[in-house]
**Q** 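Structure below; questions to follow.
Proteins get letters first, then strands, A, B, ... in listed order; numbering begins at 1 in each. Please read these numbers as outputs of a predicted model, since none were measured by experiment.
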Amino acid sequence: MSGPRRKVAITGLGMVTPVGNDVATTWENLQAGRSGCGSIEHFDASGFSTTIGAEVRGFDFSSASADRKLLKYASRSHAFALAAARQALDDAGIAPGGADAARWGLAVGAGMMSVGYDELREVGRQCAPDGEFSADGFLDPSFPGDPVAFCRCQSNSGLGLLAREFGIEGYSTSVHTACASGGQAIGTAMKVMRRGHCDFMLAGGFDSMLNPIGISGFCLLGALSTDNDDPQRASRPFDVTRNGFVLGEGAGFLVLEDWDAARARGATIYAELAGDGNSLSCYRITDSPPDGNGPIQAINQAMADAGLGPESVDYVNAHGTSTLMNDKSECAGLKAVMGSSIDQVHVSSTKSCMGHLIAAAGAVEAAVCALAIRDGVAPVSANVRELDPECDVNVVTGESRRVRIRAALSNSLGFGGSNSSLVFRHPEEVS
Amino acid sequence: MAKQPEIVITGAGAVCGAGATVEGIWQKVREGQTALRPIEQWDPANWPVKLAAEVAENNRTLVPDRKLHKSISRTDMFGLYAADHAVEESGLLEHRAGLPDGEVAAFNDRSGIIAGSGGGTFASNYDYLPLIAEVEGKLPEFGRELSNMVTPMWLLKNLPNNVLCHVGIKHQFKGTNACITNQCAGGSLAISESAEMIRAGEADRMVAIGHDTSLEPESVYYYHRCGLMSEDGLRPFDKDRSGTLFGEGAAAVVLETRQGAEARGAKVIGEYLGSGCVSEASGILDLREDGDGVARAVDLALADAGITAGEVGMICAHGNGTPGSDATEALGIRKVFGEAIPPVTGFKWCYGHLIAASGIIDAVVALSALRDGVVPGIASLEAIDPAIAPFPVSADRRDPAGDVALVICRGFGGMNVALVIRAGSA
């Protein structure tokens with residue numbers, strides 16, 4: 001289509017996080033710098049090198065959907081997704097109806113897809129009692145082999161459940177670029193709207209790797225903080241003593257609508273989803289390059305896509321994982337892009353409080369940016385005692401800052417080198 | 001309407017049970033030779049499902065760089081192999097080598113990759129089984145012994161986005177990217193999303209890849225439990241069809257603007273015209289009985305391509321051989337085309353169901369079919385299901401009704417994706 005590019009409005013938010021099972025609680029705790037990290041209670045993690053995590057607490061699984069049969073097919077992360085998506089739709093005050101179901105789309109960053117520990121143990125019992133695998137163990141009539149468990153761990157199970165729960169019949173996609181998944185899902189949703197394939201998108205991410213197999217992969221890599229005695233301070237992005245990330249879990253969802261349509265129906269608009277940038281570092285699998293080459297392209301693209309220069313961005317919700325390399329690379333990238341404006345840009349990592357939500361991180365942090373814009377608050381980057389000289393950007397240390405945010409940037413940099421940057425614009429700044 | 005750039009395909013690669021070159025696979029499909037045979041990865045003697053189309057090539061043939069073997073899994077090797085072949089055929093690397101130094105970085109930043117990935121295998125978790133046996137399932141001991149018994153590379157080896165990552169590192173294509181984990185729809189969406197990136201001006205060229213292997217005991221077991229697997233053969237649209245059978249492998253294509261391809265004198269092997277993607281909102285395994293999702297995806301794809309149903313020369317159906325999917329797919333096709341359905345075929349009888357790679361390998365084979373002007377027969381078809389007849393499928397080779405192919409892909413989660421592609425100009 002010719003003419004001006006379609007503008008995309010964010011009109012609904014939903015969150016289930018380690019610092020709150022809804023948007024209001026999560027946002028309040030993030031602003032206060034309260035940590036959701038603690039000793040892992042979900043399973044006996046006492047033998048692992050890392051025994052701490054940022055768990056979702058007090059979540060009522062059965063409340064995630066009224067459809068009991070559907071809920072049977074939901075994993076823990078799917079339940080987070082169903083709950084957060086429902087919150088977002090309720091917040092927006094719209095829902096896919098019969099007539100416009102095909103104009104609603106879905107884009108999700110899907111988290112861990114593998115089976116649970118108990119199911120794997122069952123496979124071990126049947127097929128590898130001595131550790132040596134034999135396929136015929138599955139054929140033993142005593143193997144429970146529940147098809148429901150199989151359905152739960154398909155790569156697009158979450159997508160399928162969300163589409164069914166909310167009756168979404170348009171463009172639907174599920175992406176996974178590790179820690180960049182959530183950001184990429186929201187960027188994809190924006191593009192689907194711009195190209196006119198949908199008029200409404202439910203977009204977000206969900207993940208839960210806080211289980212024995214999920215945490216094992218990260219323990220083996222040595223990526224997690226082992227500050228088991230001080231969980232609340234373990235996640236300290238940009239601090240000179242940082243030593244790894246804290247694994248979190250949860251889900252975040254946004255409702256996206258055509259800007260003019262949202263205005264016409266009198267919807268509350270949090271922000272314009274104004275720009276998306278997306279690059280591949282092509283460097284190493286787990287590390288981002290020290291000079292920021294990779295993240296730089298994503299940030300530049302996102303700002304150019306939004307039509308913004310460095311002087312117009314007031315807040316950055318950093319990827320800020322609290323690993324040595326990530327924070328260094330990200331800060332190098334930010335400095336390269338922002339140039340002389342870097343000191344005016346408030347930077348924080350809300351992972352300092354809620355840990356790293358992996359495939360959900362970018363989606364939850366997009367919601368945080370929308371709230372930061374609405375309330376004029378740059379949330380605190382908790383736990384910084386001594387700023388790493390290599391992270392000498394304007395980090396929001398100590399406490400949250402009141403600041404009018406004309407535009408916010410959110411970065412998500414994934415294992416595998418995918419970088420996603422999103423730009424959000426204050427509604428009053430939208431021309 | 002502003003004129004969108006024409007998008008062409010300048011390279012393709014594939015590997016599956018039917019061969020490790022696009023031409024080799026096409027010969028098998030055209031000649032009606034199936035690659036489905038008794039499973040060799042494990043002894044299927046006691047299994048109800050005994051057939052599959054396995055990739056014969058070993059890891060060293062697929063990925064000569066042995067250093068990489070420690071950090072990727074076999075499905076990744078399929079993807080890397082197919083991508084290498086597609087990139088090689090496109091001539092992009094030679095083109096880049098001829099660019100002035102100052103233009104290389106921009107070229108790389110404008111070159112993107114989208115992979116459709118199976119997401120992971122059950123077997124990847126079996127690396128933990130010796131440990132679980134050793135500690136008798138006790139979690140604290142599991143945690144303590146973990147690093148003594150499981151490779152530190154475990155997570156990296158099993159990242160769903162490994163192909164994206166390693167194709168990027170190898171070729172330094174640093175542009176827009178995605179890894180789509182949408183079960184069967186992944187490979188088709190890799191093509192359509194790549195095309196959309198070029199249309200939106202976010203990239204000048206894209207490598208689209210789909211790769212998967214569901215061919216492993218636990219997966220076969222569950223698909224069979226769910227009533228989706230055949231015990232005797234894969235016969236799309238046949239009255240005695242009884243389910244699908246697995247293949248494994250990957251396919252890849254290079255997409256770019258026609259302008260860019262012509263400027264560098266690249267050979268055009270096909271043209272991308274459009275796509276449609278919809279959900280049936282039916283849950284994980286369920287399908288709508290009226291074929292509504294298929295019909296809507298095809299309608300959207302034709303509209304996106306700017307062509308009418310009458311201009312479609314052949315339909316490459318998903319045709320996975322399950323009673324439910326084939327019946328509803330036929331209904332959906334009829335909804336769109338009425339009684340004027342062009343020749344319908346499908347290729348899974350030859351190389352099995354490649355799940356996340358199924359749509360993209362079908363598209364690659366369809367390009368060969370369009371080039372040769374041949375609609376290959378469904379070799380395993382004996383008697384068409386009277387419930388869907390009349391329906392223009394055949395065991396024999398036919399002539400296409402035009403130079404455009406419609407490629408349909410369906411997946412779990414009620415997904416339907418349709419692609420419209422045209423033969424390359426000779």
**Q** So, for A:Gly109 and A:Ala185, which heavy atoms are closest and what is the spacing to 0.1 Å?
**A** N-CB, 3.4 Å
**Q** Could you go through B:Lys138 and B:Glu145, starting from their C-alpha distance and side-chain angles, then the distance that decides it, and tell me whether this counts as salt bridge (Lys or Arg N to Asp or Glu O under 4.0 Å)?
**A** CA-CA 11 Å; B:Lys138 295 189 193 77; B:Glu145 292 301 316; over 6 Å; no
**Q** With a 4.5 angstrom heavy-atom cut-off, is it the side chain or the backbone of B:Arg199 that approaches chain A, or both, or neither?
**A** neither
**Q** How far apart are the C-alpha atoms of B:Asn108 and B:Ser111, what are their side-chain angles, what is the distance that settles it, and do they pass the side-chain hydrogen bond (donor to acceptor under 3.5 Å, both in side chains) test?
**A** CA-CA 5 Å; B:Asn108 289 343; B:Ser111 306; 5.1 Å; no
**Q** Could you pull out every donor-acceptor pair under 3.5 Å between side chains of residues 129-138 of chain A and any protein atom, sequence neighbours left out?
**A**
residue	atom	partner	partner atom	Å
A:Asp136	OD1	B:Trp47	NE1	2.8
A:Asp136	OD2	B:Asn46	ND2	2.7

**Q** Say you draw a straight line from OG of A:Ser421 to CG of A:Asn300; how long is it, rounded to the nearest 0.5 Å?
**A** 9.0 Å
**Q** For B:Lys170, look at atom NZ and say whether over 12 heavy atoms of other residues, nucleotides or ligands are found less than 6.0 Å away.
**A** no
**Q** Heavy-atom cut-off 4.5 Å, strictly under: side chain, backbone, both or neither for A:Ser281 against chain B?
**A** backbone
**Q** Taking side chain as everything from C-beta outward and backbone as N, CA, C, O, which of these in B:Met197 sits under 4.5 Å from a heavy atom of chain A? Side chain, backbone, both or neither.
**A** side chain
**Q** Check B:Asn182 against A:Thr173 and note the closest heavy-atom contact, atom names and distance.
**A** ND2-CA, 3.6 Å
**Q** Heavy-atom cut-off 4.5 Å, strictly under: side chain, backbone, both or neither for B:Pro48 against chain A?
**A** side chain
**Q** Pick from A:Thr50, A:Asn419, A:Val123, A:Thr51: which one has the most heavy-atom pairs with chain B under 4.5 Å?
**A** A:Val123
**Q** Tell me, side chain or backbone of B:Asp286 under 4.5 Å from chain A's heavy atoms, or both, or neither?
**A** side chain
**Q** Please determine if A:Asp146 and A:Lys72 form a salt bridge, counting it only when a charged side-chain N lies under 4.0 Å from a carboxylate O.
**A** no
**Q** Counting heavy-atom pairs under 4.5 Å to chain A, which of B:Ser219, B:Ser282, B:Gly414 comes out on top?
**A** B:Ser282
**Q** Look at B:Leu129, B:Asn177, B:Asn161 and state which one has the largest set of heavy-atom pairs under 4.5 Å with chain A.
**A** B:Asn177
**Q** Chain A heavy atoms under 4.5 Å from B:Glu141: which part of the residue, side chain, backbone, both or neither?
**A** neither
**Q** Mind listing the closest non-hydrogen atom pair of B:Asn158 and B:Ser124 along with its distance?
**A** OD1-CB, 3.0 Å
**Q** Using the six-membered ring wherever Trp is involved, compare the ring planes of B:Phe122 and A:Phe150 and label them parallel, tilted or perpendicular (cut-offs 30° and 60°).
**A** parallel
**Q** Do you know which of B:Lys174, B:Glu216, B:His166 has the most heavy-atom pairs under 4.5 Å to chain A?
**A** B:Lys174
**Q** What residue in B:Ser279, B:Gly112, B:Ser117 has the most heavy-atom pairs under 4.5 Å with chain A?
**A** B:Ser279
**Q** What part of B:Glu134 lies closer than 4.5 angstrom to a heavy atom of chain A: side chain, backbone, both or neither?
**A** neither
**Q** Going from OG on A:Ser420 to CD on A:Gln301, what distance comes out if it is rounded to the nearest 0.5 angstrom?
**A** 10.0 Å
**Q** Any side-chain heavy-atom pair from B:Glu196 and A:Lys191 closer than 4.5 angstrom?
**A** no
**Q** Looking at every heavy atom in both A:Ile186 and A:Gly362, which two are closest together, and how far apart are they?
**A** CD1-O, 4.4 Å
**Q** Heavy-atom pairs under 4.5 Å with chain B are the metric here; pick the option from A:Phe218, A:Phe143, A:Tyr73, A:Phe166 that has the most.
**A** A:Phe143
**Q** At a heavy-atom separation under 4.5 Å, does B:Leu156 approach chain A through its side chain, its backbone, both, or neither?
**A** side chain
**Q** A:Ala102 versus chain B, heavy atoms under 4.5 Å apart: side chain, backbone, both or neither?
**A** both
**Q** Could you look at B:Arg288 and say if it's the side chain, the backbone, both or neither that has a heavy atom under 4.5 Å from chain A?
**A** side chain
**Q** A:Arg121 and B:Leu139: side-chain contact (heavy atoms from CB on, under 4.5 Å), yes or no, with the steps?
**A** CA-CA 11 Å; A:Arg121 228 186 124 180; B:Leu139 263 181; over 6 Å; no
**Q** Please give me the minimum heavy-atom distance between A:Leu221 and A:Phe415, naming the atom from each residue.
**A** CD1-CE2, 3.7 Å
**Q** Pick one of side chain, backbone, both or neither for A:Gln297, based on which atoms fall under 4.5 Å of a heavy atom in chain B.
**A** side chain
**Q** On the 0 to 90° scale, with breaks at 30° and 60°, tag the B:Tyr223-B:Phe412 ring pair as parallel, tilted or perpendicular.
**A** parallel
**Q** Chain B heavy atoms under 4.5 Å from A:Leu70: which part of the residue, side chain, backbone, both or neither?
**A** neither
**Q** Could you check which of B:Ile113, B:Leu146, B:Val278 has the highest count of heavy-atom pairs closer than 4.5 Å to chain A?
**A** B:Leu146
**Q** Do you know which of A:Ala101, A:Ser49, A:Cys151, A:Ser46 has the most heavy-atom pairs with chain B at a distance under 4.5 angstrom?
**A** A:Cys151
**Q** At a 4.5 Å cut-off on heavy atoms, which part of A:Tyr283 comes close to chain B: side chain, backbone, both, or neither?
**A** backbone
**Q** Heavy-atom distances under 4.5 Å only: say whether A:Asp118 touches chain B with side chain, backbone, both or neither.
**A** neither
**Q** What part of B:Ile180 is in contact with chain A, defined as an atom under 4.5 angstrom from a non-hydrogen atom: side chain, backbone, both or neither?
**A** both
**Q** Given heavy-atom pairs under 4.5 angstrom as the criterion, report whether the side chain, backbone, both or neither of B:Gln41 touches chain A.
**A** neither
**Q** Is A:Cys219 close to chain B through its backbone or its side chain, or both, or neither, when contacts mean heavy atoms under 4.5 Å?
**A** side chain
**Q** CH2/B:Trp154 to CG/B:Asn125 distance, rounded to the nearest 0.5 angstrom?
**A** 5.0 Å
**Q** Quick check on the interface: out of A:Ser157, A:Ala223, A:Gly105, who has the most heavy-atom pairs with chain B under 4.5 Å?
**A** A:Ser157
**Q** Specify which of B:Gly175, B:Ser147, B:Cys226, B:Ser71 makes the most heavy-atom pairs with chain A at under 4.5 Å.
**A** B:Gly175
**Q** Sort out for me which of A:Ser172, A:Gly160, A:Gly416, A:Ala163 touches chain B most, counting heavy-atom pairs under 4.5 Å.
**A** A:Ser172
**Q** Given heavy-atom pairs under 4.5 angstrom as the criterion, report whether the side chain, backbone, both or neither of B:Leu285 touches chain A.
**A** side chain
